[in-house]
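Because the structure is predicted, anything quoted here is derived from the model rather than measured.
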Amino acid sequence: MEVQRENRNIRDNQRRQLAEKHELKRMLFKAFLRDPDIPAEVREQQQWKLAKLPRNSSFTRVRNRCIFTGRPRGVYQLFRMSRIVFRELASRGALQGIKKASW
C-alpha cells in the first residue's frame, strides 16, 4: 500500500514537470489555432504539432494530491495535504499558527 501511494505522488510530480516543460509550446500552438487570420493549412499543421505533444504535458492531467497520503480529494492547495491529515496535524499542534476555533 505504501509503494502504491508513493507511485501516485511520483507520477503526479512527473506530470507537473512535463506540463511545465511544454507549457510554452502548448500555449503557442493554441494561439495559432485561435487566430482566424491564419490560413487553414497552417492552423491544421499547428493542430497536428499540438496533438504530437505528450498527453501528460497538459495541465488538465495534473491532479492535486496529498503529499502524505496520496489522497486525490479534499486537498488544501496551500498546504498540499488532505483535510484529514490537516485536521490531525492541527489537533496535535504540529502546524504553526493553526489552532482550533472556539467561540
Side-chain angles (χ1 to χ4, degrees):
M1 191 69 167
E2 182 71 29
V3 174
Q4 194 176 23
R5 175 174 49 221
E6 277 184 30
N7 287 343
R8 280 189 237 140
N9 284 346
I10 290 170
R11 209 175 316 130
D12 186 58
N13 193 37
Q14 288 171 343
R15 283 181 179 161
R16 286 176 190 277
Q17 290 174 346
L18 201 59
E20 191 176 327
K21 178 181 173 185
H22 292 285
E23 181 180 16
L24 229 75
K25 283 183 190 176
R26 193 171 280 281
M27 286 172 51
L28 180 69
F29 295 150
K30 284 186 175 186
F32 273 115
L33 293 175
R34 282 192 296 267
D35 192 354
D37 298 334
I38 296 176
E41 302 87 42
V42 177
R43 284 198 312 220
E44 190 174 302
Q45 202 174 40
Q46 300 304 318
Q47 173 68 45
W48 186 79
K49 287 180 182 179
L50 181 65
K52 286 296 166 190
L53 287 176
R55 280 188 181 173
N56 284 339
S57 70
S58 174
F59 273 108
T60 56
R61 294 187 54 112
V62 173
R63 180 78 170 162
N64 288 332
R65 288 188 175 275
C66 174
I67 56 176
F68 296 105
T69 61
R71 183 181 165 88
R73 295 182 178 201
V75 176
Y76 291 121
Q77 201 168 6
L78 180 65
F79 300 101
R80 297 231 12 228
M81 64 179 78
S82 69
R83 60 186 175 80
I84 299 163
V85 173
F86 179 84
R87 185 169 188 259
E88 188 179 306
L89 291 176
S91 296
R92 278 194 272 160
L95 300 175
Q96 290 183 344
I98 306 292
K99 61 181 179 181
K100 189 174 178 185
S102 59
W103 63 90

Do [X] and [Y] have side-chain heavy atoms sitting under 4.5 Å apart?
X	Y	result
F59	E23	yes
L89	M81	yes
R83	R71	yes
P54	L18	yes

Side-chain donor or acceptor of R63 paired with backbone N/O of D12 under 3.5 Å: no
Stepwise side chain to side chain contact (heavy atoms under 4.5 Å, CB included) check, F29 with L53: CA-CA 10 Å; F29 295 150; L53 287 176; 4.1 Å; yes
Gap between atom CZ of R8 and atom CD1 of I10 - 0.5 Å precision: 12.0 Å
Atom pair SG (C66) and CZ (R80), whose distance is rounded to the nearest 0.5 Å: 9.5 Å
Side-chain donor-acceptor pair present, R26, S58, cut-off under 3.5 Å: no
N9 side chain to R65 side chain, donor-acceptor N/O pair below 3.5 angstrom: no
Shortest non-hydrogen separation from S82 to R73 and the atoms involved: CB-O, 4.4 Å
Reference residue W48; test side chain to side chain contact (heavy atoms under 4.5 Å, CB included); the match among Q45, K52, Q46, E44: K52
same_hphob_cluster(L95, V85) at 4.5 Å side-chain heavy-atom cutoff: yes
Hydrophobic cluster membership, I67 vs F79, 4.5 Å side-chain cutoff: yes
Residues L33, L50; criterion side chain to side chain contact (heavy atoms under 4.5 Å, CB included); working and verdict: CA-CA 10 Å; L33 293 175; L50 181 65; 3.7 Å; yes
Plane angle bin for F86 and Y76 - parallel if under 30°, tilted between 30 and 60°, otherwise perpendicular: perpendicular
Candidates R15, Q14, Q17 - the one meeting side chain to side chain donor-acceptor pair (under 3.5 Å) with N56: R15
Crowding at CZ, R87 (>12 non-hydrogen neighbours, <6.0 Å): no
Side chain to side chain contact (heavy atoms under 4.5 Å, CB included) evaluation trace for R16 with E20: CA-CA 6 Å; R16 286 176 190 277; E20 191 176 327; over 6 Å; no
